[in-house]
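Worth knowing before you read on, the calculation uses all heavy atoms, side chains too, and leaves out hydrogens, waters and symmetry mates.
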Amino acid sequence: MNLPPFKLERYFAKYEFSTEYLLCSSDCESMPIADLLALEEAASEKFQQVWLGYTESQGNPTLRTEICKLYETIQPEEILVHTGAEEAIFLFMFAAFKEYDHVIIHSPGYQSLAEVAHATGCDVSPWLAREENGWALDLDELRHLVRTNTKAIIINTPHNPTGYLMSHVDYESVHQFAQENNLLLFSDEVYRESEYDFATRLPAGCDFGDHAISLGVISKTYGLAGLRIGWIATRNKKIYEKMASFKDYTTICNSAPSEFLAEVAMRNRLKLADRNLGIIKDNLAVMDDFFFRHVDLFTWIRPRAGSMAFPRLLKGDVEEFCDRLVKEAGVLLLPGSMYDDSRNHFRLGLGRKNLPKAVEKLELYLRKE
Ligand SMILES: Cc1ncc(COP(=O)(O)O)c(C=O)c1O
């Protein structure tokens with residue numbers, strides 16, 4: 001297996017814990033354990049009693065029952081809880097693919113989706129989202145990408161890093177296409193429930209049939225990345241069982257305190273999502289204003305969901321821009337090159353409370369320049 005360094009993680013490792021203003025985070029504002037426990041009566045006392053032995057490998061049944069509420073057709077035995085979405089991505093790719101298979105992947109995107117697939121020996125074709133199309137994917141292109149050895153389509157909607165949300169019609173067509181061509185559809189839905197307009201929320205992939213695997217996590221919309229709890233939901237028994245058996249070689253089971261806290265979070269997920277969506281919407285208003293004032297410097301395609309956008313710097317080199325900004329103003333933006341983007345985009349994070357202050361610093365920096 002050959003896995004190159006995870007560019008985005010290495011970039012964050014350099015700055016994340018030493019920079020005051022993270023203006024490119026993908027997760028929403030987090031909270032201390034005490035605030036989460038305060039959402040439920042007696043949760044604090046119960047937390048003290050959590051047993052610190054090994055836990056059930058598939059995930060605590062009561063947690064899986066809570067997670068099921070995200071879906072229409074999924075039973076607790078069709079949820080496999082992991083250590084973050086990251087472990088689930090890793091296990092899915094090795095469970096589903098082998099050398100000489102071919103996979104089609106939504107691009108640009110979260111690096112491990114393509115990289116881990118590639119590490120299994122697969123051939124990977126990017127299915128390109130283009131800024132000039134408002135970051136939409138073109139279904140005709142998908143038809144041309146399919147080969148006789150294609151095994152799966154991997155999509156991420158709401159999308160990291162563009163904030164693009166597929167239309168209902170396109171989403172249903174992708175599912176239909178996967179079913180007709182006997183392909184798996186891995187649907188990375190870690191930003192689901194953060195749509196700015198409820199009517200645009202897509203049904204979960206796993207509810208379309210056993211060709212689909214939905215990926216979820218507590219890190220993003222609900223803002224609890226430190227719990228490291230993610231999951232897959234699928235009616236595909238073969239994939240489920242293979243992933244479950246591989247999990248014995250990675251983490252065996254999940255952290256008991258994290259599972260307890262994740263269950264509290266999932267019972268209160270609408271409150272958490274509402275709180276975070278409030279932060280995002282306030283921040284969007286700040287960004288709308290900012291980009292309106294700087295049309296000569298940046299493109300701005302307003303996201304439709306999630307905690308990120310992918311604007312483009314119109315003058316100069318984005319890597320140099322981000323480098324100087326973090327060193328001189330203490331504001332971190334993520335250059336698009338971390339996504340193999342060569343068109344001067346950068347990732348902007350919308351989920352943190354200190355965004356207005358970070359934008360003030362950015363604006364001061366621009367004025368100085
Ligand atoms: C699209 C996408 N999928 C999966 C993950 C992994 O989530 P986690 O870090 O919570 O495991 C991320 C994290 O940024 C992501 O953006």
Side-chain angles (χ1 to χ4, degrees), residues 7-8 10-12 14-16 18-29 107-111 126 128-137 156 158-165 191 194 196 277 279-369:
K7 290 187 210 163
L8 178 152
R10 291 303 94 218
Y11 197 81
F12 265 94
K14 242 165 62 190
Y15 299 113
E16 186 172 7
S18 56
T19 304
E20 191 167 3
Y21 297 102
L22 302 178
L23 192 50
C24 57
S25 301
S26 61
D27 51 340
C28 290
E29 184 85 15
S107 287
Y110 186 62
Q111 188 176 340
L128 220 55
R130 294 189 173 81
E131 187 183 26
E132 50 275 31
N133 300 336
W135 297 117
L137 292 163
N156 168 219
H159 184 232
N160 170 2
T162 65
Y164 178 72
L165 179 65
Y191 298 95
S194 66
Y196 308 155
L277 207 48
I279 297 172
I280 292 173
K281 285 185 173 171
D282 288 349
N283 287 341
L284 268 172
V286 173
M287 292 323 304
D288 283 339
D289 251 23
F290 172 86
F291 286 116
F292 182 73
R293 283 195 304 278
H294 296 285
V295 276
D296 55 326
L297 255 190
F298 305 103
T299 60
W300 173 232
I301 296 192
R302 205 174 197 269
R304 296 182 192 175
S307 42
M308 274 167 292
F310 207 43
R312 181 155 50 92
L313 177 71
L314 295 169
K315 292 176 189 160
D317 173 75
V318 79
E319 281 208 33
E320 275 169 33
F321 174 75
C322 294
D323 191 55
R324 289 180 54 191
L325 181 68
V326 70
K327 286 180 179 146
E328 291 173 32
V331 176
L332 188 69
L333 287 173
L334 186 73
S337 46
M338 299 301 128
Y339 287 81
D340 287 335
D341 169 89
S342 57
R343 293 188 54 203
N344 242 23
H345 293 98
F346 59 92
R347 186 172 95 179
L348 176 72
L350 300 161
R352 296 295 174 90
K353 276 187 182 160
N354 69 357
L355 178 139
K357 194 87 199 142
V359 171
E360 256 177 47
K361 296 265 174 202
L362 167 62
E363 199 126 35
L364 260 175
Y365 173 81
L366 290 176
R367 237 177 276 149
K368 238 175 45 196
E369 286 293 293

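Test L297, T299, D296 against L314 for side-chain contact (heavy atoms from CB on, under 4.5 Å) and you get one pass: T299.
Between atom CG of residue L355 and atom CG of residue L284 there is a gap of 9.0 Å, rounded to the nearest 0.5 Å. Note that the CG atom of N160 and the CZ atom of F310 stand 9.0 Å from one another [nearest 0.5 Å]. The CZ atom of F346 lies 6.5 Å from the CG atom of L313; values are rounded to the nearest 0.5 Å. Expressed to the nearest 0.5 Å, how far CG of L165 lies from OH of Y196 amounts to 9.5 Å. Taking CZ of R304 as the start and OG1 of T162 as the end, the distance is 9.5 Å to the nearest 0.5 Å. Rounding to the nearest 0.5 Å gives a distance of 10.5 Å between OH of Y110 and CG of N156.
Salt-bridge formation is not detected for the pair E20/K361: no Lys NZ or Arg NE/NH1/NH2 atom is positioned less than 4.0 Å from an Asp or Glu carboxylate oxygen. Between R343 and E132 a salt bridge is recorded (basic side-chain N to carboxylate O distance below 4.0 Å).
For the pair F12 and L332, the minimum side-chain heavy-atom distance is below 4.5 Å. No side-chain heavy atom of K14 sits less than 4.5 Å from a side-chain heavy atom of V326. In this structure the side chain of M308 reaches within 4.5 angstrom of the side chain of Y191, judged on heavy atoms. Taking the side chain as every heavy atom from C-beta outward, V331 and Y365 never approach each other to under 4.5 Å. For the pair M287 and V359, the minimum side-chain heavy-atom distance is below 4.5 Å. Considering only heavy atoms from C-beta on, Y11 comes within 4.5 Å of P335 through its side chain.
Between the side chain of N283 and the backbone N or O of L350, at least one donor-acceptor pair lies under 3.5 Å. At least one donor-acceptor pair under 3.5 Å links the side chain of R347 to the backbone N or O of C24. Here the side chain of D27 pairs no donor or acceptor atom with the backbone of E29 at under 3.5 angstrom. Not a single donor-acceptor pair under 3.5 Å links the side chain of N354 to the backbone N or O of Y21. Although no hydrogens or angles enter the test, the distance criterion places a donor-acceptor pair under 3.5 Å between the side chain of H159 and the main chain of P108.
Of all heavy-atom pairs between L277 and S194, the closest is CD1-O, 3.5 Å. F321 and L366 get closest at one heavy-atom pair: CE1-CD2, 3.9 Å. When all heavy atoms are compared, the tightest approach of W300 to D288 is NE1-OD1, 2.9 Å.
H294 and F290 have tilted rings, their planes meeting at an angle from 30° to 60° on a 0 to 90° scale. Classification of the F298-F291 ring pair by plane angle, with boundaries at 30° and 60°, yields perpendicular.
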What's the verdict on side chain to side chain contact (heavy atoms under 4.5 Å, CB included) for K7 and S337, showing C-alpha distance, side-chain angles and the deciding distance? CA-CA 9 Å; K7 290 187 210 163; S337 46; over 6 Å; no
Hey, mind stepping through L22 and E16 against side chain to side chain contact (heavy atoms under 4.5 Å, CB included) and telling me if it holds? CA-CA 7 Å; L22 302 178; E16 186 172 7; 4.0 Å; yes
